[in-house]
Amino acid sequence: MVELITNVNSAVNGFVWGVPMLVLLVGTGILMTVLTKFFQLSHIGHWFKNTVGGIFKDKHVTKHTEAGDQSISQFQSLCTALAATIGTGNIVGVASALVAGGPGAIFWMWIVAFFGMMTNYSENVLGIYYRRRNSIGEWSGGAMYYLKDGLGSYKGCKHIGAILATLFSAFCLLASFGIGNMSQVNSIAANMTSAFSIPATVTGIVLVLVGALVIVGGLKRIASVTEKLVPFMAIAYVLGALVIFFANISHIGAVFTAIFKGAFGLKAVGGGIVGSGVKLALTWGMKRGVFSNEAGLGSAPIAAAAAQTNEPVRQGLVSMTGTFIDTIIICTLTGLSIVLTGAWQVDGLEGVAVTTYAFQKGLPFPAEVSSFILMLCLVFFAFTTILGWDYYSERCLEYLSGGNMKHVKIYRWVYILAVFIGPYMTVSAVWTIADIFNGLMAIPNMIALFALNGVIVKETKDFFERHERGDFE
């Protein structure tokens with residue numbers, strides 16, 4: 001029976017996250033890149049100036065809302081989305097991709113991220129464009145709304161849009177317990193036990209208590225916590241990886257050679273194929289890139305819709321920075337650390353053990369200290385993911401319940417209690433749930449992006465025409 005269940009799970013997971021799904025997700029990014037005339041390159045100056053640069057000087061990006069205003073700042077919406085996006089996949093997932101696909105997987109992560117930025121931009125533009133106020137004055141938006149009100153506005157598509165919106169919300173709600181909750185808790189508990197001999201029960205209780213303090217406070221408390229934790233955890237991890245990078249700078253040429261040769265299945269200097277061949281490098285690189293940055297899943301627009309802005313394009317610019325940070329910066333640094341230290345070739349290592357080996361070998365600290373630094377980053381990555389996905393699932397439940405906020409308040413406690421279950425779930429079961437429902441979320445979202453690409457292009461063109469006329473502050 002166990003073998004039968006395992007085979008069924010493997011078959012379903014393979015169908016959901018097979019090559020056609022990866023091609024569809026990347027293909028959407030390519031389509032939007034072409035339709036917007038390579039927006040992520042042609043407007044790169046404006047993008048950096050008004051996103052990364054805007055964090056330090058633009059009030060539109062960082063300004064907090066008043067106490068009575070239920071929206072959040074653009075920077076808070078970005079941090080909330082990043083909280084859900086930057087998780088164990090950036091540490092464990094990248095390691096798994098390199099072990100299975102070799103250094104070439106890093107190249108295909110870059111490709112996925114480059115086009116994924118436009119997928120992310122597009123869905124977040126739609127998230128703002130079709131959002132609405134709920135019964136308590138908060139902005140509600142996401143794929144379910146642009147499916148119902150956008151796709152559903154086309155002739156003969158009213159019922160199709162409504163059905164797809166319901167399916168997306170249901171899939172997201174179920175996915176939240178996998179990728180957003182139990183898989184993250186499971187990773188925290190397993191690593192706290194292996195590194196510090198802390199029982200899983202103790203970890204579960206602590207996470208339930210701390211999580212409850214944040215989650216019951218709703219969106220504004222979640223946003224307030226994530227805008228502090230996300231930059232801290234990202235910078236701490238990046239600094240650690242950069243130390244490894246510069247300590248091994250003399251080998252960087254060989255590493256990039258291995259990446260490009262592995263990506264295209266070229267012969268290595270000493271003979272043989274680098275990595276595990278181009279097919280494995282491409283498949284694992286694309287899969288891990290998509291799964292890590294979540295571009296195309298339709299989850300990020302839920303956080304973006306809560307931002308204090310009237311400009312869909314402006315929020316799209318801020319939000320697509322998340323894909324850049326998640327994959328181009330964090331996943332790349334994880335990958336380079338693993339390849340520079342040779343961790344991906346050590347027999348018997350898999351998952352987080354690969355990255356742990358890289359940090360232990362690459363950082364100029366005792367092994368225990370290096371392990372502690374990585375474990376601390378992993379805990380923060382996983383915990384903020386729990387917060388971000390709680391918000392996503394709350395908005396989907398709100399949609400499914402017709403805006404009944406009483407159901408949402410009850411659901412928060414169900415989500416918090418699921419945190420306690422996470423440590424006792426098997427790793428394979430948790431990640432199967434995560435993979436399957438994440439993939440199912442993407443299908444209706446991709447349909448919406450294809451159908452509504454005209455809205456995205458029109459909004460983009462209109463925004464920059466007004467910008468050139470000096471219509472903005």
Side-chain angles (χ1 to χ4, degrees), residues 20-44 46-47 81 111-132 141-165 167-168 172 286 289-290 293-305 307 309-324 439-467:
M21 172 62 76
L22 296 175
V23 171
L24 178 63
L25 285 164
V26 178
T28 302
I30 294 173
L31 173 66
M32 297 314 304
T33 297
V34 172
L35 290 177
T36 57
K37 301 177 182 178
F38 282 78
F39 179 88
Q40 63 272 62
L41 293 179
S42 60
H43 291 85
I44 190 169
H46 179 92
W47 169 46
I111 296 300
V112 165
F114 177 77
F115 293 112
M117 285 166 62
M118 282 314 300
T119 308
N120 188 298
Y121 167 82
S122 300
E123 59 189 1
N124 282 290
V125 166
L126 294 177
I128 293 289
Y129 190 84
Y130 288 102
R131 68 181 179 176
R132 62 176 68 171
M144 53 282 201
Y145 291 100
Y146 53 76
L147 279 162
K148 183 176 184 294
D149 300 331
L151 176 62
S153 67
Y154 290 172
K155 186 177 181 180
C157 294
K158 181 178 180 180
H159 295 299
I160 294 174
I163 291 171
L164 289 177
L167 288 174
F168 171 85
C172 182
M286 290 178 66
V290 167
N293 61 52
E294 298 180 10
L297 299 190
S299 52
I302 299 174
T309 180
N310 294 320
E311 296 291 344
V313 171
R314 180 173 278 155
Q315 183 58 37
L317 286 164
V318 172
S319 295
M320 81 178 195
T321 307
T323 302
F324 181 84
L440 291 174
M441 281 172 62
I443 295 173
N445 188 53
M446 289 298 99
I447 293 172
L449 294 185
F450 273 105
L452 300 171
N453 68 74
V455 175
I456 300 161
V457 173
K458 179 178 177 296
E459 281 296 305
T460 303
K461 181 180 179 182
D462 176 68
F463 176 86
F464 283 100
E465 284 179 350
R466 288 185 289 122
H467 184 268

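Note: hydrogens, waters and symmetry copies are ignored here, and every other heavy atom, side chains too, is used.
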- Task: Just grab all the side-chain hydrogen bond (donor to acceptor under 3.5 Å, both in side chains) pairs involving residues 24-36, residues at least two apart or on different chains.
- Result: T33-Q40
- Message: According to ring pair (Phe, Tyr, Trp, His ring centres under 6.0 Å), who are the partners of F39, at least two apart in sequence or on a separate chain?
- Response: H43, Y121, F464
- Item | Sequence-distant partners of F324, ring pair (Phe, Tyr, Trp, His ring centres under 6.0 Å), two or more places apart | W47, F48
- Message: Looking at every heavy atom in both G127 and P301, which two are closest together, and how far apart are they?
- Response: CA-CB, 4.1 Å
- Note on the structure: Closest heavy-atom pair, Y146 versus N445, reported as atoms and distance to 0.1 Å, is OH-OD1, 2.5 Å
- Please name the residue in the list T119, I456, T460 that meets the side-chain contact (heavy atoms from CB on, under 4.5 Å) test with M32. I456
- Message: As an exercise, state the distance from CG of L147 to CD1 of I447, rounded to the nearest 0.5 Å.
- Response: 8.0 Å
- Measure the shortest side-chain to side-chain distance between L452 and Y129 over non-hydrogen atoms and say whether it is less than 4.5 angstrom. no
- Item | Inter-residue atom distance K148.NZ - H159.NE2, 0.5 Å rounding | 11.0 Å
- For the student: nearest non-hydrogen atoms of A304 and S319, plus distance: CB-OG, 3.7 Å
- Within-4.5 Å side-chain heavy-atom neighbours: Q315 and R131: no
- Query: What distance separates I128 CD1 from Y145 OH, expressed to the nearest 0.5 Å?
  - Reply: 13.5 Å
- Any residue meeting side chain to side chain donor-acceptor pair (under 3.5 Å) with T323, in chain and number order, not counting sequence neighbours: N120
- Donor-acceptor contact present, side-chain T321 to main-chain V318, <3.5 Å: yes
- Query: Rounded to the nearest 0.5 Å, how far apart are OG of S122 and CG of L35?
  - Reply: 8.5 Å
- Item | Exercise: identify the closest heavy-atom pair between G141 and A305 | CA-CB, 3.5 Å
- Counting N and O atoms only, with roles assigned by atom type, does the side chain of R314 sit under 3.5 Å from a partner on the main chain of F463, one being a donor and the other an acceptor? no
- Item | Inter-residue atom distance L126.CG - L449.CG, 0.5 Å rounding | 6.0 Å
- Correct closest heavy-atom pair for A442 and L25 would be CB-CD2, 4.0 Å
- Among residues two or more places apart or on two chains, list those pairs meeting salt bridge (charged side-chain N to carboxylate O under 4.0 Å, His left out) that have a residue in residues 117-128. none
- Heavy-atom closest pair, residues L440 and P444: O-CD, 3.1 Å
- Message: Could you check whether any side-chain heavy atom of F450 comes within less than 4.5 Å of a side-chain heavy atom of L151, counting everything from C-beta outward?
- Response: no
- Query: What residue pairs, at least two apart or across chains, pass salt bridge (charged side-chain N to carboxylate O under 4.0 Å, His left out) with a residue in residues 149-160?
  - Reply: R132-D149
- Message: Distance check, rounded to the nearest 0.5 Å: L41 atom CG versus M117 atom CE?
- Response: 8.0 Å
